[in-house]
Amino acid sequence: MSRAILQVMIRGRVQGVGYRAWVEYQAAASGLEGWVRNRRDGSVEALFAGPPKHVADMVALCRHGPPSSRVDSVTSETAGADELDLRRAGEAFSVLPTV
């Protein structure tokens, strides 16, 4: 089974509107591994790992976000498996502290 790992940066009105919790819920429902966190510049950063179709679908969902958000841009780049090490032990998908 092939596996994709993408690191995604979401910009817009995405903090304080439940975006991280929404990403966590959507990723877990899709069976993806990874993490999500707020950044001090107001953006949200996420890492998704799993079947390429599921990862691509998750990135597409991030372009819309939850109803209370306003997504201005979503950029993504391929990441290495070592980026998954940022997750909390025992969690497939983690919400991480702001960086």
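No hydrogens, no waters, no symmetry mates; every other heavy atom, side chains included, goes into these values. If you're wondering where the values come from, they're calculated on a predicted model, not measured in any experiment.
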Under 3.5 Å, which donor-acceptor pairs do the side chains of residues 90-99 form with other protein atoms, sequence neighbours left out?
from: Glu91; atom 1: OE1; to: Ser94; atom 2: OG; distance (Å): 2.5
from: Ser94; atom 1: OG; to: Arg88; atom 2: N; distance (Å): 2.9

Worksheet entry | Non-neighbouring partners of Glu24 that pass side chain to side chain donor-acceptor pair (under 3.5 Å), sequence neighbours left out | none

Listing, residues 42-52 side-chain donor-acceptor contacts under 3.5 Å, not counting sequence neighbours, or none:
from: Ser43; atom 1: OG; to: Asp41; atom 2: OD1; distance (Å): 2.6
from: Glu45; atom 1: OE1; to: Arg37; atom 2: NE; distance (Å): 2.9
from: Glu45; atom 1: OE1; to: Arg37; atom 2: NH2; distance (Å): 3.0
from: Glu45; atom 1: OE1; to: Arg39; atom 2: NH1; distance (Å): 2.9
from: Glu45; atom 1: OE2; to: Gln7; atom 2: NE2; distance (Å): 2.4

Item to complete: Mind checking side chain to side chain donor-acceptor pair (under 3.5 Å) for Arg63 and listing every partner two or more places apart, or none if nothing turns up?
Response: none

Worksheet item: What heavy-atom pair brings Val23 and Cys62 nearest, and what distance separates the two atoms?
Response: CG2-SG, 4.5 Å

Extract all donor-acceptor atom pairs below 3.5 Å that involve side chains of residues 26-35 and protein atoms in other chains or at least two apart in sequence.
from: Ser30; atom 1: OG; to: Gln26; atom 2: O; distance (Å): 3.0
from: Glu33; atom 1: OE1; to: Arg87; atom 2: NH1; distance (Å): 2.7
from: Glu33; atom 1: OE2; to: Arg3; atom 2: NH1; distance (Å): 3.0
from: Glu33; atom 1: OE2; to: Arg3; atom 2: NH2; distance (Å): 3.3
from: Trp35; atom 1: NE1; to: Glu83; atom 2: O; distance (Å): 2.9

Item to complete: State plainly whether one hydrophobic cluster holds both Val36 and Val17, where clusters connect Ile, Leu, Val, Met, Phe, Trp and Tyr through side-chain heavy atoms under 4.5 angstrom apart.
Response: yes

Practice prompt. Enter the distance from Ser76:OG to Ile5:CD1 here, rounded to the nearest 0.5 Å.
Written response: 13.5 Å

Worksheet item: Any link between Val71 and Leu6 through a network of hydrophobic side chains (Ile, Leu, Val, Met, Phe, Trp, Tyr) touching at under 4.5 Å?
Response: yes

Discussion item. Tyr19 vs Trp22, test: ring pair (Phe, Tyr, Trp, His ring centres under 6.0 Å). Steps then yes/no.
Written reply: CA-CA 5 Å; Tyr19 200 94; Trp22 177 84; 5.5 Å; yes

Discussion item. Using the side chain to side chain donor-acceptor pair (under 3.5 Å) criterion, which residues pair with Arg70? Sequence neighbours excluded.
Written reply: Asp72

